Number of protein chains: 2
Amino acid sequence: MAQKREDMIAETQAKLIKSARESFAQHGFAESCMDDLTAEAGLTRGALYHHFGGKKGLLKAVIQQIEEEMTTRLSAIKSKGPTTWDAFINGSIAYLNMASEPEIQRIILLDGPAVLGDPSQWPRKNCCISSTQLSIEKLMEEGAIQRVDSLAMARLINGALLGASLWIANTDDPQAASRKAVDSFLVLMSGLLKSNTTFS
Amino acid sequence: MAQKREDMIAETQAKLIKSARESFAQHGFAESCMDDLTAEAGLTRGALYHHFGGKKGLLKAVIQQIEEEMTTRLSAIKSKGPTTWDAFINGSIAYLNMASEPEIQRIILLDGPAVLGDPSQWPRKNCCISSTQLSIEKLMEEGAIQRVDSLAMARLINGALLGASLWIANTDDPQAASRKAVDSFLVLMSGLLKSNTTFS
DNA sequence: TATTTCGCATACGTATTGTATGTCAACTCA
DNA sequence: TGAGTTGACATACAATACGTATGCGAAATA
(Lines give C-alpha, C1' and ligand atoms only; values in the text may rest on other atoms or scores of the structure.)
Protein backbone atom coordinates (compact mmCIF):
# COMPACT_ATOMS: atom_id res chain seq x y z
CA MET A 1 0.00 0.00 0.00
CA ALA A 2 0.81 3.67 0.26
CA GLN A 3 2.02 3.68 -3.26
CA LYS A 4 3.32 6.74 -4.94
CA ARG A 5 1.02 8.29 -7.46
CA GLU A 6 3.41 7.40 -10.23
CA ASP A 7 3.18 3.75 -9.35
CA MET A 8 -0.59 3.80 -9.28
CA ILE A 9 -0.67 5.36 -12.71
CA ALA A 10 1.66 2.73 -14.05
CA GLU A 11 -0.52 0.11 -12.48
CA THR A 12 -3.73 1.35 -14.06
CA GLN A 13 -2.05 1.53 -17.42
CA ALA A 14 -0.73 -1.97 -16.97
CA LYS A 15 -4.18 -3.21 -15.97
CA LEU A 16 -5.73 -1.62 -19.04
CA ILE A 17 -3.10 -3.04 -21.33
CA LYS A 18 -3.42 -6.46 -19.83
CA SER A 19 -7.17 -6.45 -20.17
CA ALA A 20 -7.02 -5.07 -23.68
CA ARG A 21 -4.49 -7.65 -24.68
CA GLU A 22 -6.78 -10.44 -23.58
CA SER A 23 -9.80 -8.91 -25.23
CA PHE A 24 -8.04 -8.13 -28.50
CA ALA A 25 -6.54 -11.59 -28.61
CA GLN A 26 -9.84 -13.27 -27.93
CA HIS A 27 -12.35 -11.20 -29.86
CA GLY A 28 -10.20 -9.18 -32.19
CA PHE A 29 -9.83 -5.42 -32.15
CA ALA A 30 -13.06 -4.50 -33.91
CA GLU A 31 -15.26 -6.71 -31.75
CA SER A 32 -13.66 -5.62 -28.51
CA CYS A 33 -15.89 -3.32 -26.51
CA MET A 34 -14.17 -0.62 -24.52
CA ASP A 35 -16.78 -0.74 -21.78
CA ASP A 36 -16.26 -4.46 -21.19
CA LEU A 37 -12.55 -4.09 -21.57
CA THR A 38 -12.19 -1.41 -18.95
CA ALA A 39 -14.72 -3.00 -16.61
CA GLU A 40 -12.64 -6.15 -16.69
CA ALA A 41 -9.76 -4.05 -15.42
CA GLY A 42 -11.93 -2.51 -12.74
CA LEU A 43 -11.97 0.86 -14.49
CA THR A 44 -14.06 2.87 -16.94
CA ARG A 45 -13.57 4.30 -20.37
CA GLY A 46 -12.53 7.54 -18.72
CA ALA A 47 -9.22 6.04 -17.70
CA LEU A 48 -8.70 4.62 -21.15
CA TYR A 49 -9.20 7.93 -22.90
CA HIS A 50 -7.11 9.71 -20.35
CA HIS A 51 -4.08 7.48 -20.76
CA PHE A 52 -4.26 6.26 -24.33
CA GLY A 53 -6.46 8.76 -26.13
CA GLY A 54 -8.74 6.09 -27.50
CA LYS A 55 -9.04 2.57 -28.76
CA LYS A 56 -6.26 2.87 -31.32
CA GLY A 57 -3.90 4.29 -28.75
CA LEU A 58 -4.57 1.34 -26.52
CA LEU A 59 -3.82 -1.01 -29.39
CA LYS A 60 -0.53 0.76 -29.95
CA ALA A 61 0.40 0.25 -26.34
CA VAL A 62 -0.55 -3.41 -26.47
CA ILE A 63 1.45 -3.94 -29.62
CA GLN A 64 4.46 -2.22 -28.14
CA GLN A 65 4.34 -4.48 -25.12
CA ILE A 66 4.06 -7.61 -27.20
CA GLU A 67 6.84 -6.54 -29.51
CA GLU A 68 9.12 -5.88 -26.59
CA GLU A 69 8.47 -9.36 -25.33
CA MET A 70 9.11 -10.80 -28.77
CA THR A 71 12.33 -8.91 -29.07
CA THR A 72 13.49 -10.18 -25.71
CA ARG A 73 12.67 -13.75 -26.58
CA LEU A 74 14.29 -13.43 -29.98
CA SER A 75 17.54 -11.92 -28.84
CA ALA A 76 17.85 -14.57 -26.16
CA ILE A 77 17.63 -17.22 -28.83
CA LYS A 78 19.87 -15.43 -31.26
CA SER A 79 22.61 -14.94 -28.72
CA LYS A 80 22.90 -18.68 -28.37
CA GLY A 81 23.85 -19.40 -31.97
CA PRO A 82 27.48 -20.46 -32.35
CA THR A 83 27.77 -18.67 -35.69
CA THR A 84 26.01 -15.63 -37.08
CA TRP A 85 24.31 -17.85 -39.59
CA ASP A 86 23.00 -20.18 -36.92
CA ALA A 87 21.77 -17.27 -34.88
CA PHE A 88 20.00 -15.94 -37.93
CA ILE A 89 18.37 -19.24 -38.81
CA ASN A 90 17.41 -20.09 -35.26
CA GLY A 91 16.00 -16.64 -34.75
CA SER A 92 13.96 -16.95 -37.91
CA ILE A 93 12.54 -20.27 -36.89
CA ALA A 94 11.75 -18.95 -33.44
CA TYR A 95 10.00 -16.04 -35.05
CA LEU A 96 8.01 -18.41 -37.20
CA ASN A 97 6.80 -20.24 -34.14
CA MET A 98 6.08 -17.13 -32.14
CA ALA A 99 4.04 -15.69 -34.97
CA SER A 100 1.95 -18.85 -34.94
CA GLU A 101 0.77 -18.17 -31.41
CA PRO A 102 -2.86 -17.07 -31.46
CA GLU A 103 -2.37 -13.88 -29.50
CA ILE A 104 0.51 -12.64 -31.60
CA GLN A 105 -1.17 -13.69 -34.77
CA ARG A 106 -4.42 -11.93 -34.04
CA ILE A 107 -2.98 -8.72 -32.64
CA ILE A 108 0.31 -8.27 -34.47
CA LEU A 109 -0.35 -9.91 -37.80
CA LEU A 110 -4.02 -9.27 -38.39
CA ASP A 111 -5.41 -6.32 -36.44
CA GLY A 112 -2.23 -4.32 -36.11
CA PRO A 113 -1.60 -3.76 -39.80
CA ALA A 114 -5.27 -3.15 -40.54
CA VAL A 115 -5.66 -0.48 -37.86
CA LEU A 116 -2.19 1.03 -37.76
CA GLY A 117 -0.96 0.34 -41.27
CA ASP A 118 2.36 -1.04 -42.43
CA PRO A 119 4.23 -2.38 -39.38
CA SER A 120 7.50 -0.80 -40.49
CA GLN A 121 5.89 2.59 -39.93
CA TRP A 122 4.87 1.84 -36.36
CA PRO A 123 6.11 4.04 -33.52
CA ARG A 124 8.43 1.46 -32.01
CA LYS A 125 9.18 0.03 -35.43
CA ASN A 126 8.74 -3.62 -35.96
CA CYS A 127 11.71 -4.75 -33.96
CA CYS A 128 11.82 -8.15 -35.59
CA ILE A 129 12.51 -6.69 -38.98
CA SER A 130 15.40 -4.61 -37.72
CA SER A 131 16.74 -7.68 -36.02
CA THR A 132 16.64 -9.62 -39.27
CA GLN A 133 18.20 -6.72 -41.09
CA LEU A 134 21.08 -6.57 -38.63
CA SER A 135 21.72 -10.27 -39.01
CA ILE A 136 21.88 -9.89 -42.76
CA GLU A 137 24.29 -7.01 -42.57
CA LYS A 138 26.52 -8.90 -40.22
CA LEU A 139 26.49 -11.93 -42.49
CA MET A 140 27.43 -9.77 -45.43
CA GLU A 141 30.31 -8.23 -43.51
CA GLU A 142 31.51 -11.68 -42.64
CA GLY A 143 31.37 -12.58 -46.27
CA ALA A 144 29.01 -15.44 -45.59
CA ILE A 145 26.26 -14.33 -47.92
CA GLN A 146 25.76 -12.42 -51.12
CA ARG A 147 25.53 -8.64 -51.20
CA VAL A 148 21.93 -7.52 -51.19
CA ASP A 149 19.93 -4.60 -49.94
CA SER A 150 19.58 -5.59 -46.32
CA LEU A 151 16.29 -3.84 -45.70
CA ALA A 152 14.60 -5.24 -48.77
CA MET A 153 15.87 -8.71 -47.93
CA ALA A 154 14.74 -8.37 -44.33
CA ARG A 155 11.26 -7.43 -45.42
CA LEU A 156 11.09 -10.35 -47.81
CA ILE A 157 12.23 -12.79 -45.18
CA ASN A 158 9.96 -11.34 -42.57
CA GLY A 159 7.02 -11.50 -44.90
CA ALA A 160 7.82 -15.09 -45.78
CA LEU A 161 7.86 -16.07 -42.14
CA LEU A 162 4.64 -14.19 -41.47
CA GLY A 163 2.88 -15.78 -44.39
CA ALA A 164 3.99 -19.19 -43.29
CA SER A 165 2.88 -18.50 -39.72
CA LEU A 166 -0.58 -17.54 -40.86
CA TRP A 167 -0.75 -20.78 -42.75
CA ILE A 168 0.61 -22.90 -39.93
CA ALA A 169 -1.77 -21.50 -37.37
CA ASN A 170 -4.79 -22.13 -39.55
CA THR A 171 -3.99 -25.58 -40.80
CA ASP A 172 -5.24 -28.85 -39.43
CA ASP A 173 -1.84 -30.10 -38.37
CA PRO A 174 0.26 -27.15 -37.25
CA GLN A 175 3.10 -29.40 -36.13
CA ALA A 176 3.55 -30.91 -39.56
CA ALA A 177 3.02 -27.61 -41.29
CA SER A 178 5.66 -26.02 -39.16
CA ARG A 179 8.17 -28.66 -40.11
CA LYS A 180 7.40 -28.27 -43.78
CA ALA A 181 7.68 -24.53 -43.52
CA VAL A 182 11.07 -24.74 -41.84
CA ASP A 183 12.36 -27.14 -44.49
CA SER A 184 11.20 -24.88 -47.28
CA PHE A 185 12.52 -21.85 -45.51
CA LEU A 186 15.98 -23.36 -45.30
CA VAL A 187 15.89 -24.07 -49.00
CA LEU A 188 15.06 -20.46 -49.70
CA MET A 189 17.74 -19.20 -47.38
CA SER A 190 20.33 -21.28 -49.14
CA GLY A 191 19.90 -18.80 -51.96
CA LEU A 192 21.59 -16.23 -49.80
CA LEU A 193 24.79 -18.25 -49.54
CA LYS A 194 27.62 -17.27 -51.79
CA SER A 195 28.51 -20.29 -53.83
CA ASN A 196 25.44 -20.29 -56.00
CA THR A 197 24.77 -20.78 -59.65
CA THR A 198 23.70 -17.57 -61.26
CA PHE A 199 20.79 -17.20 -63.60
CA SER A 200 19.48 -14.45 -65.79
CA MET B 1 -34.16 -0.46 -70.98
CA ALA B 2 -36.76 -3.09 -70.24
CA GLN B 3 -34.17 -5.21 -68.57
CA LYS B 4 -34.91 -8.59 -67.18
CA ARG B 5 -35.16 -8.82 -63.45
CA GLU B 6 -32.01 -10.91 -63.33
CA ASP B 7 -30.04 -8.21 -65.05
CA MET B 8 -31.28 -5.55 -62.70
CA ILE B 9 -30.26 -7.61 -59.71
CA ALA B 10 -26.84 -8.14 -61.15
CA GLU B 11 -26.65 -4.45 -61.77
CA THR B 12 -27.52 -3.47 -58.20
CA GLN B 13 -25.01 -5.92 -56.87
CA ALA B 14 -22.40 -4.55 -59.20
CA LYS B 15 -23.22 -1.02 -58.15
CA LEU B 16 -22.89 -1.92 -54.49
CA ILE B 17 -19.62 -3.74 -55.03
CA LYS B 18 -18.23 -0.89 -57.06
CA SER B 19 -19.19 1.66 -54.46
CA ALA B 20 -17.91 -0.50 -51.61
CA ARG B 21 -14.66 -1.06 -53.41
CA GLU B 22 -14.08 2.64 -53.71
CA SER B 23 -15.05 3.31 -50.14
CA PHE B 24 -13.01 0.48 -48.68
CA ALA B 25 -10.01 1.47 -50.73
CA GLN B 26 -10.25 5.09 -49.74
CA HIS B 27 -11.30 4.97 -46.09
CA GLY B 28 -10.61 1.40 -45.13
CA PHE B 29 -13.21 -1.14 -44.09
CA ALA B 30 -13.75 0.02 -40.52
CA GLU B 31 -14.20 3.68 -41.40
CA SER B 32 -16.53 2.98 -44.29
CA CYS B 33 -20.12 3.83 -43.49
CA MET B 34 -22.76 1.64 -45.04
CA ASP B 35 -25.22 4.50 -45.37
CA ASP B 36 -22.78 6.60 -47.37
CA LEU B 37 -21.67 3.61 -49.31
CA THR B 38 -25.11 2.59 -50.43
CA ALA B 39 -26.26 6.17 -51.03
CA GLU B 40 -23.31 6.59 -53.37
CA ALA B 41 -24.72 3.68 -55.34
CA GLY B 42 -28.19 5.20 -55.30
CA LEU B 43 -29.48 2.57 -52.91
CA THR B 44 -30.04 1.99 -49.20
CA ARG B 45 -28.73 -0.43 -46.63
CA GLY B 46 -31.75 -2.57 -47.31
CA ALA B 47 -30.31 -3.67 -50.62
CA LEU B 48 -26.97 -4.35 -49.03
CA TYR B 49 -28.35 -6.62 -46.35
CA HIS B 50 -30.58 -8.33 -48.82
CA HIS B 51 -27.82 -9.26 -51.22
CA PHE B 52 -24.76 -9.61 -49.04
CA GLY B 53 -26.07 -10.17 -45.53
CA GLY B 54 -24.00 -7.38 -44.06
CA LYS B 55 -20.79 -5.45 -44.21
CA LYS B 56 -18.53 -8.49 -44.05
CA GLY B 57 -20.45 -10.16 -46.83
CA LEU B 58 -19.94 -7.12 -48.99
CA LEU B 59 -16.24 -7.20 -48.26
CA LYS B 60 -16.13 -10.83 -49.31
CA ALA B 61 -17.76 -9.94 -52.60
CA VAL B 62 -15.36 -7.08 -53.17
CA ILE B 63 -12.39 -9.27 -52.42
CA GLN B 64 -13.60 -11.96 -54.72
CA GLN B 65 -13.94 -9.48 -57.54
CA ILE B 66 -10.47 -8.08 -56.98
CA GLU B 67 -8.94 -11.52 -56.75
CA GLU B 68 -10.54 -12.55 -59.99
CA GLU B 69 -9.04 -9.53 -61.66
CA MET B 70 -5.65 -10.30 -60.16
CA THR B 71 -5.84 -13.88 -61.31
CA THR B 72 -6.66 -12.78 -64.81
CA ARG B 73 -3.81 -10.33 -64.93
CA LEU B 74 -1.41 -12.85 -63.46
CA SER B 75 -2.21 -15.70 -65.74
CA ALA B 76 -1.91 -13.42 -68.73
CA ILE B 77 1.60 -12.55 -67.64
CA LYS B 78 2.54 -16.08 -66.72
CA SER B 79 1.44 -17.47 -70.03
CA LYS B 80 3.98 -15.28 -71.76
CA GLY B 81 7.04 -16.75 -70.08
CA PRO B 82 9.15 -18.87 -72.46
CA THR B 83 10.04 -21.28 -69.67
CA THR B 84 8.22 -22.35 -66.56
CA TRP B 85 10.87 -20.64 -64.50
CA ASP B 86 10.44 -17.36 -66.36
CA ALA B 87 6.71 -17.56 -66.00
CA PHE B 88 7.12 -18.13 -62.31
CA ILE B 89 9.53 -15.27 -61.80
CA ASN B 90 7.62 -12.84 -63.97
CA GLY B 91 4.40 -13.76 -62.27
CA SER B 92 5.98 -13.18 -58.89
CA ILE B 93 7.28 -9.78 -59.86
CA ALA B 94 3.94 -8.84 -61.33
CA TYR B 95 2.32 -9.92 -58.11
CA LEU B 96 4.74 -7.78 -56.16
CA ASN B 97 3.77 -4.75 -58.18
CA MET B 98 0.07 -5.45 -58.06
CA ALA B 99 0.18 -5.80 -54.31
CA SER B 100 1.78 -2.39 -54.12
CA GLU B 101 -1.27 -0.75 -55.63
CA PRO B 102 -3.15 1.18 -52.94
CA GLU B 103 -6.53 -0.44 -53.52
CA ILE B 104 -5.20 -3.98 -53.42
CA GLN B 105 -2.98 -3.22 -50.51
CA ARG B 106 -5.70 -1.71 -48.38
CA ILE B 107 -8.43 -4.23 -49.16
CA ILE B 108 -6.60 -7.48 -49.78
CA LEU B 109 -3.52 -7.14 -47.59
CA LEU B 110 -4.76 -5.10 -44.66
CA ASP B 111 -8.50 -5.23 -44.15
CA GLY B 112 -9.17 -8.61 -45.70
CA PRO B 113 -7.07 -10.68 -43.31
CA ALA B 114 -8.18 -8.66 -40.28
CA VAL B 115 -11.88 -9.10 -41.00
CA LEU B 116 -11.94 -12.47 -42.74
CA GLY B 117 -8.86 -14.13 -41.27
CA ASP B 118 -6.12 -16.06 -43.01
CA PRO B 119 -6.51 -15.56 -46.77
CA SER B 120 -5.96 -19.23 -47.49
CA GLN B 121 -9.22 -19.94 -45.71
CA TRP B 122 -11.23 -17.52 -47.81
CA PRO B 123 -14.22 -18.80 -49.81
CA ARG B 124 -12.63 -18.38 -53.22
CA LYS B 125 -9.22 -19.22 -51.82
CA ASN B 126 -6.40 -16.88 -52.42
CA CYS B 127 -5.91 -17.64 -56.07
CA CYS B 128 -2.43 -16.21 -56.16
CA ILE B 129 -1.14 -18.76 -53.71
CA SER B 130 -2.52 -21.65 -55.68
CA SER B 131 -0.99 -20.16 -58.77
CA THR B 132 2.40 -20.03 -57.10
CA GLN B 133 1.94 -23.54 -55.82
CA LEU B 134 1.17 -24.84 -59.27
CA SER B 135 4.27 -23.19 -60.68
CA ILE B 136 6.40 -24.82 -58.03
CA GLU B 137 4.95 -28.23 -58.67
CA LYS B 138 5.52 -27.85 -62.36
CA LEU B 139 9.11 -26.79 -61.80
CA MET B 140 9.67 -29.80 -59.58
CA GLU B 141 8.26 -32.12 -62.20
CA GLU B 142 10.56 -30.60 -64.76
CA GLY B 143 13.43 -31.20 -62.41
CA ALA B 144 14.33 -27.55 -62.41
CA ILE B 145 14.16 -27.04 -58.67
CA GLN B 146 14.64 -28.95 -55.47
CA ARG B 147 11.92 -31.09 -53.96
CA VAL B 148 10.00 -29.20 -51.34
CA ASP B 149 6.50 -29.10 -49.96
CA SER B 150 4.84 -27.01 -52.62
CA LEU B 151 2.19 -25.50 -50.39
CA ALA B 152 4.59 -24.48 -47.67
CA MET B 153 6.93 -22.99 -50.22
CA ALA B 154 4.10 -21.17 -51.94
CA ARG B 155 3.04 -19.61 -48.68
CA LEU B 156 6.57 -18.54 -47.90
CA ILE B 157 7.02 -16.98 -51.30
CA ASN B 158 3.65 -15.34 -51.20
CA GLY B 159 4.32 -13.92 -47.77
CA ALA B 160 7.68 -12.62 -48.89
CA LEU B 161 6.11 -10.80 -51.81
CA LEU B 162 3.36 -9.41 -49.63
CA GLY B 163 5.77 -8.19 -47.01
CA ALA B 164 7.87 -6.51 -49.64
CA SER B 165 4.80 -4.92 -51.21
CA LEU B 166 3.77 -3.41 -47.92
CA TRP B 167 7.21 -1.96 -47.60
CA ILE B 168 7.38 -0.69 -51.14
CA ALA B 169 4.05 1.04 -50.96
CA ASN B 170 4.95 2.85 -47.77
CA THR B 171 8.44 3.95 -48.58
CA ASP B 172 9.55 7.31 -49.90
CA ASP B 173 10.82 5.98 -53.18
CA PRO B 174 8.66 3.05 -54.27
CA GLN B 175 10.44 2.78 -57.59
CA ALA B 176 13.81 2.18 -56.00
CA ALA B 177 12.36 -0.04 -53.32
CA SER B 178 10.69 -2.16 -55.93
CA ARG B 179 13.97 -2.69 -57.74
CA LYS B 180 15.74 -3.63 -54.54
CA ALA B 181 12.97 -6.00 -53.63
CA VAL B 182 13.13 -7.73 -56.99
CA ASP B 183 16.90 -8.11 -56.76
CA SER B 184 16.67 -9.60 -53.30
CA PHE B 185 13.81 -11.79 -54.35
CA LEU B 186 15.82 -13.27 -57.17
CA VAL B 187 18.61 -14.06 -54.76
CA LEU B 188 16.21 -15.90 -52.51
CA MET B 189 14.68 -17.79 -55.37
CA SER B 190 18.09 -18.98 -56.48
CA GLY B 191 17.95 -21.14 -53.38
CA LEU B 192 15.27 -23.17 -55.09
CA LEU B 193 17.51 -24.16 -57.96
CA LYS B 194 19.08 -27.55 -57.83
CA SER B 195 22.81 -27.06 -58.04
CA ASN B 196 23.23 -25.58 -54.61
CA THR B 197 25.65 -26.06 -51.80
CA THR B 198 24.03 -27.73 -48.89
CA PHE B 199 24.34 -26.74 -45.29
CA SER B 200 23.38 -28.20 -42.00
C1' DT C 1 -4.01 24.54 5.26
C1' DA C 2 -5.24 26.64 1.05
C1' DT C 3 -4.71 25.80 -3.75
C1' DT C 4 -3.75 23.48 -7.80
C1' DT C 5 -3.20 19.46 -10.45
C1' DC C 6 -4.78 15.55 -12.63
C1' DG C 7 -6.29 10.69 -12.57
C1' DC C 8 -10.40 8.81 -13.36
C1' DA C 9 -15.67 8.47 -13.32
C1' DT C 10 -20.06 10.10 -14.89
C1' DA C 11 -23.28 11.92 -18.22
C1' DC C 12 -24.61 13.05 -22.63
C1' DG C 13 -25.12 13.31 -27.66
C1' DT C 14 -24.33 10.93 -31.82
C1' DA C 15 -23.08 7.68 -35.32
C1' DT C 16 -23.54 3.15 -37.07
C1' DT C 17 -25.09 -1.23 -37.01
C1' DG C 18 -28.69 -5.19 -37.34
C1' DT C 19 -33.47 -6.37 -37.58
C1' DA C 20 -38.21 -6.16 -38.31
C1' DT C 21 -41.55 -4.59 -41.21
C1' DG C 22 -43.64 -2.53 -45.27
C1' DT C 23 -44.32 -1.83 -50.34
C1' DC C 24 -44.44 -2.25 -55.02
C1' DA C 25 -42.88 -4.24 -59.30
C1' DA C 26 -42.06 -8.46 -61.68
C1' DC C 27 -42.90 -13.26 -62.33
C1' DT C 28 -46.25 -17.51 -62.29
C1' DC C 29 -50.00 -19.90 -63.65
C1' DA C 30 -55.05 -20.56 -64.25
C1' DT D 1 -54.83 -11.64 -68.91
C1' DG D 2 -55.48 -10.95 -64.28
C1' DA D 3 -55.25 -12.68 -59.52
C1' DG D 4 -51.87 -14.40 -56.50
C1' DT D 5 -47.17 -14.90 -55.05
C1' DT D 6 -42.46 -13.93 -54.78
C1' DG D 7 -38.74 -11.17 -53.68
C1' DA D 8 -35.92 -6.87 -54.37
C1' DC D 9 -35.43 -3.05 -51.94
C1' DA D 10 -36.85 0.91 -48.71
C1' DT D 11 -38.27 2.50 -44.29
C1' DA D 12 -38.57 2.44 -39.34
C1' DC D 13 -36.89 1.14 -35.06
C1' DA D 14 -33.94 -0.36 -31.31
C1' DA D 15 -29.50 -1.37 -29.50
C1' DT D 16 -24.74 -0.76 -29.09
C1' DA D 17 -20.47 1.58 -28.85
C1' DC D 18 -18.01 5.54 -29.54
C1' DG D 19 -16.06 10.44 -28.41
C1' DT D 20 -16.45 14.51 -25.63
C1' DA D 21 -17.65 17.48 -22.03
C1' DT D 22 -17.98 17.78 -17.40
C1' DG D 23 -17.46 16.67 -12.49
C1' DC D 24 -15.23 14.92 -8.33
C1' DG D 25 -11.83 13.78 -5.05
C1' DA D 26 -7.26 12.58 -3.66
C1' DA D 27 -2.51 13.62 -4.08
C1' DA D 28 1.00 17.09 -4.92
C1' DT D 29 2.64 21.75 -4.00
C1' DA D 30 3.14 26.06 -1.58
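Labels below follow one simple rule: chain letters A, B, ... track the order of the sequence lines, proteins then strands, and each chain is numbered from 1. Predicted, not measured: the structure shown is a model, and the values here were computed from it.
Contacts between residues 30-38 of chain B and DNA chain C, defined by a heavy-atom separation under 4.0 Å, are made by B/S32, B/C33, B/M34, B/D35. If you check residues 12-28 of chain A against DNA chain C, the residues with a heavy atom closer than 4.0 Å are A/T12, listed by number.
A cation-pi arrangement is not found for B/K60 relative to B/F52, the charged atom failing to lie both closer than 6.0 Å to the ring centre and inside a 45° cone about the ring normal.
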Checklist entry - After noting the C-alpha distance and the side-chain angles of B/E40 and B/S19, does the key distance pass the side chain to side chain donor-acceptor pair (under 3.5 Å) rule? => result CA-CA 7 Å; B/E40 186 71 26; B/S19 184; 5.7 Å; no
Checklist entry - Between A/D36 and A/R45, is a salt bridge (charged side-chain N to carboxylate O under 4.0 Å, His left out) present by the stated rule, with each step listed? => result CA-CA 9 Å; A/D36 300 346; A/R45 274 185 14 249; over 6 Å; no
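Residues passing the side chain to side chain donor-acceptor pair (under 3.5 Å) test with A/S135, sequence neighbours excluded: A/K78. Applying the salt bridge (charged side-chain N to carboxylate O under 4.0 Å, His left out) test to A/K18 and every residue at least two apart in sequence or in another chain returns A/E22.
Note on A/I77 and A/I93: separate hydrophobic clusters, where clusters join Ile, Leu, Val, Met, Phe, Trp and Tyr whose side-chain heavy atoms are under 4.5 Å apart, directly or indirectly.
Distance from the side chain of B/H50 is smallest for D/dA8 among the nucleotides C/dG7, C/dC8, D/dA8. Closest to the A/T44 side chain, of the nucleotides C/dG7, C/dA9, D/dT11, is C/dA9.
Judged purely by distance below 3.5 Å, without hydrogens or angles, the side chains of B/Q133 and B/S150 pair a donor atom with an acceptor atom.
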Listing time: all N or O pairs from protein to nucleotides 19-25 of chain C that are below 3.5 Å?
none

Compile the donor-acceptor pairs under 3.5 Å between side chains in residues 175-183 of chain A and protein atoms, sequence neighbours left out, one pair per line.
unit_1	atom_1	unit_2	atom_2	d
A/S178	OG	A/N97	OD1	3.4

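Residue order along DNA chain D, read from the 5' end via each residue's closest nucleotide, puts B/L43 first among B/L43 and A/K55.
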